Amino acid sequence: MASSNAQNEVYTSDAVLADTTFVNLKEYSKDFIYDMKYATEDNFLKAKVYDCAECFLRLKTVQALIEANKDFMKKGYKIKLYDCYRPLSIQKKMWEIVSNPEYVADPKKGSIHNRGGAVDISIVDAQGKEADMGTPFDFFGIQASHNYTKLSKEVLSNRKFLKKIMTKNGFSSFDSEWWHYNLKTGLKDKVSNQKWECD
């Protein structure tokens with residue numbers, strides 16, 4: 001039995017998957033916390049736009065994210081996810097609800113979320129308490145910007161810590177949203193409308 005399992009593992013290893021393949025993060029790591037906001041009504045749209053709370057990303061994004069999470073775990077934290085890959089059909093649905101490019105990317109252009117290379121995240125400590133980042137996720141005021149400094153030392157330190165680990169692992173930050181990170185090598189991938197099954 002063991003040998004056939006080992007054989008199966010060889011065939012399903014990452015070696016045969018292109019790094020742009022869409023995969024489910026939870027199948028690669030159990031070390032993340034999920035609060036997938038768009039699978040609930042607890043978001044700025046006030047609407048549930050995902051059928052289920054899954055975090056799909058391109059394989060290379062998943063690999064980089066796992067490495068970043070290992071760095072956070074060494075310091076007693078874990079990544080908490082708010083949003084991952086967003087199919088283009090969902091982007092269109094969001095645009096119908098809020099047709100404002102300041103808040104929602106125009107689906108005609110698409111965003112890196114539609115390319116499977118972006119994550120919206122925070123970090124939580126060993127007790128599951130979220131680090132204070134100064135504003136909630138999807139807060140659209142100036143206070144959410146990395147460049148805004150009229151915040152407590154704790155908040156500035158938390159944001160700096162988040163940014164440092166993420167950039168070390170191949171991600172770039174988005175100036176106006178402390179929670180948004182793009183995989184640098186994901187910017188050239190195509191906009192996709194990959195669907196996922198809900199269990």
Side-chain angles (χ1 to χ4, degrees), residues 25-26 32-57 61 65 68-69 72 77-125 128-152 154-167 171-183 186-187 191-193 196:
L25 176 61
K26 72 181 181 191
F32 290 85
I33 308 297
Y34 295 87
D35 183 11
M36 304 298 284
K37 291 294 189 188
Y38 300 120
T40 72
E41 290 180 2
D42 179 23
N43 58 61
F44 80 101
L45 300 166
K46 304 285 183 263
K48 180 183 177 201
V49 292
Y50 291 163
D51 292 334
C52 52
E54 297 292 356
C55 176
F56 276 79
L57 292 161
T61 315
L65 201 59
N69 206 29
F72 285 121
Y77 290 89
K78 281 183 181 176
I79 291 175
K80 180 179 194 173
L81 293 142
Y82 298 122
D83 197 20
C84 300
Y85 164 63
R86 186 185 306 152
L88 192 60
S89 59
I90 304 288
Q91 192 71 33
K92 288 174 180 169
K93 204 188 282 189
M94 290 172 76
W95 183 254
E96 281 166 21
I97 298 167
V98 177
S99 307
N100 183 335
E102 283 186 35
Y103 306 121
V104 177
D106 186 335
K108 287 194 187 85
K109 294 180 188 154
S111 79
I112 188 155
H113 275 294
N114 310 139
R115 292 174 164 84
V119 286
D120 292 337
I121 59 169
S122 188
I123 46 173
V124 298
D125 65 17
K129 183 173 180 285
E130 202 167 316
D132 186 356
M133 295 293 179
T135 78
F137 162 67
D138 264 359
F139 175 87
F140 293 111
I142 185 74
Q143 295 87 344
S145 168
H146 282 285
N147 303 320
Y148 187 82
T149 55
K150 294 178 192 167
L151 298 160
S152 71
E154 182 194 359
V155 168
L156 293 172
S157 169
N158 288 342
R159 287 187 183 183
K160 189 176 172 187
F161 174 51
L162 180 65
K163 188 173 180 177
K164 182 182 174 188
I165 300 284
M166 292 302 286
T167 51
F171 290 86
S172 54
S173 60
F174 187 60
D175 284 348
S176 61
E177 301 175 352
W178 60 259
W179 55 83
H180 181 105
Y181 284 88
N182 295 331
L183 186 70
L187 291 163
V191 166
S192 169
N193 197 29
W196 62 77

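As a basis for the values below, the full set of heavy atoms in this structure was taken, side chains included, without hydrogen atoms, waters or symmetry mates. Not measured: the values here are computed from a predicted model.
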When rounded to the nearest 0.5 angstrom, what distance separates [atom1] in [X] from [atom2] in [Y]?
{"X": "K92", "Y": "K108", "atom1": "NZ", "atom2": "NZ", "answer": "10.0 Å"}
{"X": "T40", "Y": "D35", "atom1": "OG1", "atom2": "CG", "answer": "7.0 Å"}
{"X": "E154", "Y": "M133", "atom1": "CD", "atom2": "CE", "answer": "9.5 Å"}
{"X": "Y181", "Y": "I165", "atom1": "OH", "atom2": "CD1", "answer": "10.5 Å"}
{"X": "W179", "Y": "S173", "atom1": "CH2", "atom2": "OG", "answer": "12.5 Å"}
{"X": "F137", "Y": "D42", "atom1": "CZ", "atom2": "CG", "answer": "9.5 Å"}

Non-hydrogen atoms of [X] and [Y] that approach each other most closely:
{"X": "I123", "Y": "I79", "value": "CG2-CA, 4.3 Å"}
{"X": "K164", "Y": "T167", "value": "O-OG1, 3.2 Å"}
{"X": "H146", "Y": "W178", "value": "NE2-CA, 3.5 Å"}
{"X": "S111", "Y": "A105", "value": "CB-CB, 3.6 Å"}
{"X": "N193", "Y": "S89", "value": "OD1-N, 2.8 Å"}
{"X": "I112", "Y": "H180", "value": "CG2-NE2, 3.9 Å"}

Can you find a heavy atom in the side chain of [X] that is under 4.5 Å from one in the side chain of [Y]?
{"X": "F72", "Y": "M166", "result": "yes"}
{"X": "K37", "Y": "D120", "result": "no"}
{"X": "F44", "Y": "V104", "result": "yes"}
{"X": "P107", "Y": "M94", "result": "no"}
{"X": "L57", "Y": "L183", "result": "no"}

T61 (side chain) donor-acceptor with G116 (main chain) under 3.5 angstrom: yes
V119 backbone acceptor or donor facing H113 side chain under 3.5 Å: no
Over 12 non-hydrogen atoms of neighbours within 6.0 angstrom of CG in D106: yes
Any donor-acceptor N or O pair under 3.5 Å, side chains Y82, N43: no
Distance-only donor-acceptor check, side chains Y38 and D138, under 3.5 Å: yes
